[in-house]
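Here the structure is laid out as C-alpha cells; the discussion comes afterwards.
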Amino acid sequence: MTRLWIRHETRSTERRAPVSPADARALVAAGVGITVEDSPQRVFATSDYRAAGCAVAEAGSWVDAPDDVVVVGLKELPDGGPLRHRHIYFGHAYKGQAGAGELLARFAEGGGVLMDLEYLTDDAGRRLAAFGYWAGYVGAALAVLHLRGALTTPLAPTSREALDAALAEPGAPMTALVVGALGRCGRGARDALVRAGVTPTEWDVAETADLDRPALLRHDVLVNAVLSTAPIPPFVTSADLDNPDRLLRVLSDVTCDVTSECNVLPVNDALTSWEAPTRELRGGARPVDVIAIDNLPSLLPVEAGLSFSADLAPHLVDLDSAPWRRATALFRSAVKENAHA
Ligand SMILES: NC(=O)c1ccc[n+]([C@@H]2O[C@H](COP(=O)([O-])OP(=O)(O)OC[C@H]3O[C@@H](n4cnc5c(N)ncnc54)[C@H](O)[C@@H]3O)[C@@H](O)[C@H]2O)c1
C-alpha cells in the first residue's frame, strides 16, 4: 500500500498544500494511507484532513517516519542531514541552482529519492501538475500594481476576488509583453493583464527566435514566463537597461531562474520577497525594477492549492507509473553527475 506523509512546509509564508482535504479523501478511498502533519499556516484545516480519513502528526515529524513512507510537500526541505525517504516536491536541484549540489548529496548519503514535481510528465513531456497559471496571474498582477503605485507591502495571501478588484481600479494606460505566452504561467499572466485592462503583446518561441530587442524595450512591463531548460541568449542585458530608448519599467520574472545558467534576465541575480517584492535595477530619472518572487501562487493559496491538488492527486495512487519512473531516473542521473562534479 502506498503511504503518503504530507509534510508541513518550512517556509512560514507557504500556505499551500500539495493535496487538498477533498482529494485526500478520494485517495484514502482508493486505498492510499495518508498522514498529514499539523501546520500552523496551511490554508486547509488539519481537522478537514482528519475528517477525510488521514492520520495526523506533528509538524516536521517526517524525519522520524518509517522508511517506506513517501514524504509529499511543495517547497524546500529544512536544512539537515542525510535524506532516507522518497520525497515528492519541487527540489529545484537540476539546473545548477544555489544549494542544488548539497541537496543531491544529502539524498545520495541517505539513500533517499527525489521524485521532483517539476519533472512529473506525461509521455509527451508535458507537466502533469503545475502551479503555473496562478504564478503567472499573480506575477503580472504585481507588475501592474507596482507600476500604478498601488502595491502594498509586505505582500500577503489574498483571494482572486480581492486581487481582481485591485486590478480593476483605474490606472494610467500601460503596455505589457508576456514572453512564454503560450505556457501555463504565460496564460495566467495574459488573463491578469486583460483583467487590468491591458492588452498584452504575446511572444513565445517563434517570436524570440530572432529577438526584436527594440520592440521588447518599448513595453512598460515585461513578464518572463519562459520555461528554459538550456542556456539561451538573454532577453534583457545591462546595455538594454542603459538604452536611452527604453520604456521598460518593470520586469516580472515569474521563471525565477535567477541563480541558474538558464537565466534569460541576467540583469538580475537575486530573488525578491513578500517583504520587499521589487528591487531597483536602475534608478534616477528612468528607473526600472524587477520582481522575482519564487512562491507567487502562495499569494492565492486556495485557488492555487485546489487546482494543483486536482491535477496531482490522481497520480499519487500508483507511484510506480511511468511518469514517476521517469522522474526517478532523472534524479538518479543528477545524483551521478553531482558525484562527479
Ligand atoms: N515564481 C513562481 O512562483 C513560479 C511558479 C510556477 C512556475 N514557475 C516557473 O515558471 C516557468 C514557466 O512554467 P510553466 O508551467 O508556465 O511552463 P510551460 O511549459 O507551461 O510554459 C513555458 C512556455 O515558455 C515557452 N518558451 C520556451 N522557450 C522559449 C523561448 N526561448 N522564447 C519564448 N518562449 C519560450 C514555451 O513554448 C511555453 O509556451 C518555469 O520555470 C517554472 O518553474 C514559477
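Quick caveat, the model's predicted, so the values are computed rather than measured. Computed over heavy atoms, backbone and side chain alike; hydrogens, waters and symmetry mates excluded.
- The distance from atom CG of L177 to atom OG1 of T201, rounded to the nearest 0.5 Å, is 5.5 Å.
- A donor-acceptor pair under 3.5 Å links the side-chain atoms of R326 to the main chain of T121, judged by distance alone.
- Here the side chain of R106 pairs a donor or acceptor atom with the backbone of G81 at under 3.5 angstrom.
- Because its NZ or CZ atom is both nearer than 6.0 Å to the ring centre of F131 and within 45° of the ring axis, R16 counts as a cation-pi partner of that residue.
- Shown are D64, D67, D68; of these, the salt bridge (charged side-chain N to carboxylate O under 4.0 Å, His left out) with R84 is made only by D67.
- For S20, the side chain to side chain contact (heavy atoms under 4.5 Å, CB included) partners two or more places apart in sequence, or in a different chain, are A22, D23, F44, L306, S309.
- In summary, the side chains of R279 and S273 do not present any donor paired with an acceptor at a separation below 3.5 Å, with no hydrogens or angles considered.
- In this structure, L4 and V32 have side chains that are in contact, with non-hydrogen atoms separated by less than 4.5 Å.
- Residue G101 comes nearest to N338 through the heavy atom pair O-ND2, 3.0 Å, listed as atom of the first residue, atom of the second, then distance.
- One hydrophobic cluster, built from ILVMFWY side chains closer than 4.5 Å, cannot hold both V138 and L271; they sit in different ones.
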Check the pair D294, R11 against salt bridge (charged side-chain N to carboxylate O under 4.0 Å, His left out), reporting the backbone distance first and the verdict last. CA-CA 12 Å; D294 69 350; R11 211 189 289 202; 2.9 Å; yes

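- Of all non-hydrogen atoms in A196 and V144, the two that sit nearest each other are CB-CG1, 3.9 Å.
- Taking a cutoff of 4.0 Å between a charged side-chain nitrogen and a carboxylate oxygen, R249 and D289 do not qualify as a salt bridge.
- Salt bridge annotation for E261-K95: absent, with no cationic side-chain nitrogen under 4.0 angstrom from a carboxylate oxygen.
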Side-chain donor-acceptor contacts of residues 166-174 below 3.5 Å, not counting sequence neighbours, with atom names and distances?
none

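- Ionic pairing of E202 and R190 is present here: one or more N-O contacts between side-chain nitrogen and carboxylate oxygen are shorter than 4.0 angstrom.
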Can you check side chain to side chain contact (heavy atoms under 4.5 Å, CB included) on I291 and V250, steps first, answer last? CA-CA 8 Å; I291 298 171; V250 183; 4.1 Å; yes

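- Atom CG of L222 is separated from atom OG of S252 by 8.5 Å, given to the nearest 0.5 angstrom.
- Side-chain atoms of Y49 come within 3.5 Å of backbone atoms of V19 as a donor-acceptor pair (strictly under, hydrogens ignored).
- At least one side-chain heavy atom of H92 sits less than 4.5 Å from a side-chain heavy atom of K75.
- Residue L103 holds its CG atom at 6.5 Å from CG of L114, rounded to the nearest 0.5 Å.
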Intermediate values then yes/no, side chain to side chain donor-acceptor pair (under 3.5 Å), N295 and W274: CA-CA 9 Å; N295 59 347; W274 289 15; 3.0 Å; yes

Let's go through T208 and V264 carefully: what are the C-alpha distance in whole Å and the side-chain angles of both, what is the deciding distance for side chain to side chain contact (heavy atoms under 4.5 Å, CB included) to 0.1 Å, and is it a yes or a no? CA-CA 11 Å; T208 62; V264 294; over 6 Å; no

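- Looking only at side-chain heavy atoms (C-beta outward), L182 and V205 stay at 4.5 Å or farther from each other.
- For the pair T13 and L155, the minimum side-chain heavy-atom distance is 4.5 Å or more.
- The cluster map of Ile, Leu, Val, Met, Phe, Trp and Tyr, joined by side-chain heavy atoms under 4.5 Å apart, puts L145 and L248 in different clusters.
- Across all non-hydrogen atoms, the minimal contact from A51 to R25 is O-NH2, 3.3 Å.
- N263 contributes no side-chain N or O that, together with a main-chain N or O of D269, makes up a donor-acceptor pair within less than 3.5 Å.
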Verdict with reasoning, W324 to L128, per side chain to side chain contact (heavy atoms under 4.5 Å, CB included): CA-CA 11 Å; W324 292 116; L128 290 168; over 6 Å; no

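- A continuous path of ILVMFWY side-chain contacts below 4.5 Å connects V28 to V36, so both sit in one hydrophobic cluster.
- V288 and L151 end up in different hydrophobic clusters when Ile, Leu, Val, Met, Phe, Trp and Tyr side chains are linked at under 4.5 Å.
- For the atom pair CG of L296 and SG of C185, the computed distance is 8.0 Å after rounding to the nearest 0.5 Å.
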Evaluation steps, side chain to side chain contact (heavy atoms under 4.5 Å, CB included), between R187 and V178: CA-CA 9 Å; R187 273 184 284 119; V178 179; over 6 Å; no

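- Rounding to the nearest 0.5 Å gives a distance of 8.0 Å between CG of L117 and CZ of R127.
- Judged by distance alone, with hydrogens and angles left aside, the side-chain atoms of R325 form a donor-acceptor pair with the main-chain N or O of D320 at under 3.5 Å.
- Within 6.0 Å of atom CZ in R160, more than 12 heavy atoms from other residues, nucleotides or ligands are found, so the atom counts as buried in its surroundings.
- Two residues are said to be in side-chain contact when any heavy atoms from C-beta on lie closer than 4.5 Å; D191 and Y137 meet this criterion.
- Among pairs with a residue in residues 213-227, those fulfilling salt bridge (charged side-chain N to carboxylate O under 4.0 Å, His left out) read R213-D240, at least two apart in sequence or across chains.
- Atom OG1 of T175 and atom NE2 of H219 lie 5.5 Å apart (nearest 0.5 Å).
- Here the two rings, on H87 and W62, have centers that are under 6.0 Å apart.
- Of all heavy-atom pairs between W5 and S61, the closest is CZ2-OG, 3.4 Å.
- Side-chain contact, S321 with H315: no donor N or O sits under 3.5 Å from an acceptor N or O.
- Under the 3.5 Å distance criterion, the side-chain polar atoms of D204 are left unmatched by any main-chain donor or acceptor of A206.
- One finds no salt bridge joining D245 and R286 here, because no Lys/Arg side-chain nitrogen approaches an Asp/Glu carboxylate oxygen to under 4.0 Å.
- Under a hydrophobic clustering in which Ile, Leu, Val, Met, Phe, Trp and Tyr are joined whenever their side-chain heavy atoms come within less than 4.5 Å, directly or via other members, V69 and I34 fall into the same cluster.
- Residues T259 and Q97 bring no donor and acceptor atom of their side chains to less than 3.5 Å of each other.
- Annotation: side chain of T272 is not in contact with side chain of T278 (no heavy-atom distance under 4.5 Å).
- Nearest heavy atom pair, residue E9 against residue Q41, reads O-NE2, 2.9 Å.
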Start with the C-alpha gap between H8 and D38, add the side-chain angles, then the distance that decides, and say whether side chain to side chain donor-acceptor pair (under 3.5 Å) holds. CA-CA 7 Å; H8 152 77; D38 198 14; over 6 Å; no

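- Nearest heavy atoms, P277 versus I293: CB-CD1, 3.8 Å.
- T255 contributes no side-chain N or O that, together with a main-chain N or O of D257, makes up a donor-acceptor pair within less than 3.5 Å.
- Side-chain contact check for L77 versus L83: some heavy-atom pair is nearer than 4.5 Å.
- Using a 4.5 Å heavy-atom threshold, the side chains of T158 and L300 count as touching.
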May I have the step-by-step check of side chain to side chain donor-acceptor pair (under 3.5 Å) for D253 and N224, ending in yes or no? CA-CA 5 Å; D253 187 6; N224 175 32; 2.9 Å; yes

